[in-house]
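Report on the following structure.
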Amino acid sequence: MTHPFRASLAAPDRTVLPGLCDAHLHVYWLGEQITRQCDVSDVRDFPQLFDRLQAFAAERPTGYLIARGLDDQALREHRLPYADELDAHFPHRPVILIRRCGHIGILNAAVRHLLPAATPDARGRIEEHAFWEVLRSLPKPTDAELDAAALAALRLARSRGLTAVGTILEQPRQLASLVRLRLAGLLPVRVTAHPPGDCLLDLHKVGMLTGFGDPWLRIGAVKYFADGTFGARTAWLEDDYTDAPGQRGQDLFSASNLAQHFQTAHSLGFQIAVHAIGDAAVRAVAHALAPLCDGHNPRRHRIEHVSLCPDDVLEVLARNRIVAVVQPQFVPSDSWLEQRLGPRVKHAYRFRALLDAGVPLALSSDCPVEPIDPLATLAAATTGNPWNRDGALTHDQAVHAYTHGANFAAHADTEREALPDATVLDHATRTLTAYVDSSAP
Ligand SMILES: [Zn+2]
């Protein structure tokens, strides 16, 4: 069923798609990175890293210097810098390095002096909740800075060919920022906002529910974390990391009493979204969500990442129609995964197996963990992975999961499919252009 507007865009050298929707990214992380932080995602060794930091520090001589996107696996040194290496270059300026995954930070001595409650190890390294507490304790951006960050990120999303995004929120002020942008008519793409789980009762008190809003801005799921990441070795595994005997990652599921939180969120009318990467995390979350799904999961509870999924867990997801929100670009980025997981790697990134089993599938970038690059996302989704045969989607399946699938995960499929929004692929230039209908109120 093609909308007349979409039909009008057709031309021999173009493919007209329904508007692409990225189901899971972080608008405020990305926006802060663009507007206020030093991007080090492309540096390849320590000298280049320190040059980049020095240049940034010269441009912005005061305040915290925050560098984001560092990928130790891509560095010639194959590790993150230690705090004393940062201190040698920045003895007085507080510097925070954030690993690509966002789950590990390195704090130099000047930061530890300003934030004595922070508890990094001897090398300055701090992980997961303890690290996020550090980030939360930094000077807060003003409302204007928040709005500018969101606009920068959302404009980038539109320029890359997206017409809609689902954004994970880290704090409630970000929701107020999105509401301001909506009221000012400034949102460049349609947004579903997924507030953090610890906002649940506040949202409930003011009568908020999943689905509240309009076609430009809606409240989506409340978001929880069941574990960390493979890169940080904090993803929660059923058996030890192959390259780190004795370590199985972090069980945030039990630590945060998530099963109880799911019950509450569900009974208050919310959709639930849970970060789960390791097999133990995916299993625990699948079994905790299953009783809330009533067989067909009308609330569309979803698991973000579903990175390591043994057959019997996949079966639980399929039987309960639990939505899988996956990030195909993780596959090329996690090229080292077999060293970390050993033979279990055969259960990693099984996009096709999930879909074939009947699991509703949505694609996303998790930007800024990966760049917003829809063609790269689709290419990775159709390439699959080197570890199993059930990883690759067909081209049509990938596009469907990046349009209908992502909108379905946001409860927005019916609404958005009635709109003329479109993404046009120009074959000659390999570029995407987003058309977002602004005639609707
Ligand atoms: Zn994320």
Side-chain angles (χ1 to χ4, degrees), residues 21 23-24 166 168 192-197 199-201 203-204 208-212 218-227 236 238 251-254 256-327 347 350-364 397 400-401 404-415:
C21 172
H24 172 141
I168 308 302
T192 307
H194 304 296
C199 296
L200 174 68
L201 294 178
L203 290 166
H204 172 65
M208 281 294 170
L209 291 178
T210 296
F212 177 78
R218 285 199 191 281
I219 304 276
V222 280
K223 163 88 190 302
Y224 298 90
F225 281 93
D227 68 345
W236 177 30
E238 289 174 339
D251 167 11
L252 305 180
F253 180 85
S254 313
S256 311
N257 198 12
L258 283 193
Q260 185 61 48
H261 286 288
F262 295 172
Q263 293 276 0
T264 309
H266 181 82
S267 69
L268 296 180
F270 284 86
Q271 181 189 16
I272 298 164
V274 195
H275 168 119
I277 285 185
D279 49 1
V282 178
R283 180 184 303 279
V285 172
H287 283 280
L289 289 178
L292 308 176
C293 290
D294 199 18
H296 62 300
N297 193 12
R299 207 66 66 71
R300 303 185 187 175
H301 297 317
R302 43 191 264 183
I303 303 183
E304 317 298 300
H305 314 306
V306 198
S307 304
L308 194 59
C309 190
D311 288 336
D312 62 315
V313 181
L314 196 145
E315 164 69 17
V316 175
L317 298 179
R319 199 172 341 113
N320 294 284
R321 305 279 297 158
I322 295 172
V323 180
V325 180
V326 300
Q327 297 71 32
H347 294 138
R350 307 173 71 189
F351 311 137
R352 180 65 179 265
L354 289 162
L355 196 66
D356 285 349
V359 174
L361 192 71
L363 300 192
S364 67
Q397 287 171 336
H400 190 260
H404 175 82
N407 289 326
F408 180 87
H411 282 280
D413 46 321
T414 307
E415 172 174 277

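Bear in mind the structure is a predicted one, so any value in this text is a computation, not a measurement.
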Contact check, side chains of F253 and V285, non-hydrogen atoms, under 4.5 Å: yes
Check: G211 main-chain N/O paired with Q271 side-chain donor or acceptor under 3.5 Å: no
Inter-residue atom distance T414.OG1 - F408.CZ, 0.5 Å rounding: 9.0 Å
Partners passing ring-ring contact (aromatic ring centres under 6.0 Å, His included) against H404 (at least two apart in sequence or in another chain): H400
NZ on K223 to NE2 on H275, rounded to 0.5 Å: 6.5 Å
Taking every non-hydrogen atom, the tightest pair across A221 and T210: CA-OG1, 4.3 Å
Partner set under ring-ring contact (aromatic ring centres under 6.0 Å, His included) for F262, not counting sequence neighbours: Y224
Atom NE2 of H204 with >12 non-hydrogen neighbours under 6.0 angstrom: no
From L354 atom CG to L314 atom CG, the distance as rounded to the nearest 0.5 Å: 4.5 Å
side-chain hydrogen bond (donor to acceptor under 3.5 Å, both in side chains) contacts in which one or both residues fall within residues 281-300, not counting sequence neighbours: E238-R283, R283-D312, R300-D413
Separation of Q263 CD from L258 CG (nearest 0.5 Å): 12.0 Å
Output field: ring centroids H194/H24 closer than 6.0 Å: no
Salt bridge (charged side-chain N to carboxylate O under 4.0 Å, His left out) partners of residues 267-278, not counting sequence neighbours, each pair once: none
Validation row: D311, R350 side chains within 4.5 angstrom (heavy atoms): yes
Show the atom names and distances, to 0.1 Å, of all donor-acceptor pairs under 3.5 Å that link a side chain in residues 316-326 to residues at least two apart or in another chain.
unit_1	atom_1	unit_2	atom_2	d
R319	NE	E315	OE2	3.4
N320	ND2	V316	O	2.8
R321	NH1	G358	O	2.3

Check: A410 main-chain N/O paired with T192 side-chain donor or acceptor under 3.5 Å: no
ring-ring contact (aromatic ring centres under 6.0 Å, His included) partners for H266, two or more places apart: H301
S267 (side chain) donor-acceptor with T264 (main chain) under 3.5 angstrom: yes
Spacing of I303 atom CD1 and C309 atom SG [to the nearest 0.5 Å]: 7.5 Å
Any side-chain heavy-atom pair of H347 and D279 under 4.5 Å: no
Lys/Arg N to Asp/Glu carboxylate O, R218 vs E415, below 4.0 Å: yes
